[in-house]
Amino acid sequence: GAGVSQTPSNKVTEKGKYVELRCDPISGHTALYWYRQSLGQGPEFLIYFQGTGAADDSGLPNDRFFAVRPEGSVSTLKIQRTERGDSAVYLCASSESWGRNGYTFGSGTRLTVV
Amino acid sequence: AQKVTQAQTEISVVEKEDVTLDCVYETRDTTYYLFWYKQPPSGELVFLIRRNSFDEQNEISGRYSWNFQKSTSSFNFTITASQVVDSAVYFCALSAGNQFYFGTGTSLTVIP
């Protein structure tokens, strides 16, 4: 596609539920990143994929968070047993190589855990 | 450690005024990249500029200009003759390795 697409744009879920957030990167972009942006803060790194593999998952806050990219294009961020503190905007970005040329970001998914 | 500091949390200017957004960074890497992104109310981060650590030339693009000074670890962004459409949150970011490190952003409001 022309840009990075994230769905849903908004998600409200109850505490303890499981959620999946989807990212469809720009066609041909091998690198894909997930970031989390809390209110009033800059985006914080979660995980980086190069192709199908997670090259760096050091930003995932705990084992309730997991992400996959099985075919090297679409990625899904999965959050188990959601907590109110997980409420944030989850941003996805893609780039052609190692990201140093600047990422293209999607509009994000606003997750609210009630 | 990698860190980006944007000391200005909020700035308000009247339309047509010039405004400078400050960015100070910390890194031990000798090769790194600096970026500015704009985040309008729609939420999407819009890429504005990339600068590598070996290129200290200042850059101008229309009403936007950037001043990169390694001696002070700063990468400041100036908007000349501001317009209402410039109202947004602006993020400075540092890229070293696979990650981007963002500042906390500066919220700019341009008053008509």
Side-chain angles (χ1 to χ4, degrees), chain A residues 1-11 21 23 26 29-51 53-60 88-112, chain B residues 1-10 21-27 29-55 59 61 66 75 77 88-108:
Chain A
V4 177
S5 175
Q6 291 188 247
T7 54
S9 55
N10 279 285
K11 175 71 177 179
L21 312 180
C23 172
I26 291 175
H29 279 190
T30 57
L32 185 146
Y33 310 79
W34 284 98
Y35 279 78
R36 179 168 69 174
Q37 186 175 17
S38 300
L39 190 64
Q41 300 296 316
E44 293 179 309
F45 172 78
L46 294 177
I47 187 170
Y48 156 62
F49 287 91
Q50 185 63 237
D56 185 348
D57 64 359
S58 61
L60 294 178
V89 175
Y90 289 82
L91 293 165
C92 177
S94 69
S95 71
E96 290 179 328
S97 57
W98 298 99
R100 306 226 170 134
N101 294 321
Y103 304 45
T104 301
F105 280 85
S107 296
T109 294
R110 181 176 298 280
L111 175 66
T112 303
Chain B
Q2 325 282 4
K3 184 179 178 181
V4 174
T5 301
Q6 295 179 255
Q8 304 150 308
T9 306
E10 296 181 1
L21 310 182
D22 298 333
C23 173
V24 175
Y25 64 92
E26 295 175 29
T27 181
D29 288 30
T30 55
T31 301
Y32 53 90
Y33 295 79
L34 296 165
F35 299 80
W36 275 95
Y37 279 86
K38 175 181 180 180
Q39 190 173 44
S42 61
E44 187 168 341
L45 282 162
V46 178
F47 169 77
L48 295 178
I49 190 173
R50 172 184 68 102
R51 173 66 72 228
N52 74 55
S53 53
F54 299 108
D55 181 3
E59 182 160 338
S61 175
W66 292 270
F75 187 44
F77 172 31
V89 180
Y90 291 84
F91 289 97
C92 180
L94 166 71
S95 174
N98 298 324
Q99 301 185 23
F100 265 31
Y101 301 87
F102 284 85
T104 51
T106 297
S107 177
L108 174 66

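Bear in mind that the values here come from a model prediction, so they are computed numbers and not experimental data. Quick note on labels: first sequence line is chain A, next is B, and so on, each numbered from 1.
Of the listed residues Thr104(B), Leu45(B), Val89(B), the one with more heavy-atom pairs under 4.5 angstrom with chain A than any other is Leu45(B).
Heavy atoms of Glu44(A) lying under 4.5 Å from chain B are absent altogether. Interface remark: Gln39(B) contributes side-chain atoms only to the contact with chain A (heavy atom separation under 4.5 Å).
The minimum heavy-atom distance between Ser107(A) and Glu44(B), with the atom names listed, is OG-OE1, 3.1 Å.
When the shell of 6.0 Å around CZ of Arg110(A) is examined, it contains 12 or fewer heavy atoms from other residues, nucleotides or ligands.
Of the candidates Phe45(A), Tyr48(A), Tyr103(A), Phe100(B) forms a side chain to side chain contact (heavy atoms under 4.5 Å, CB included) with just one, namely Tyr103(A).
A 4.5 Å side-chain heavy-atom check between Pro43(A) and Tyr37(B) finds every atom pair outside the cut-off.
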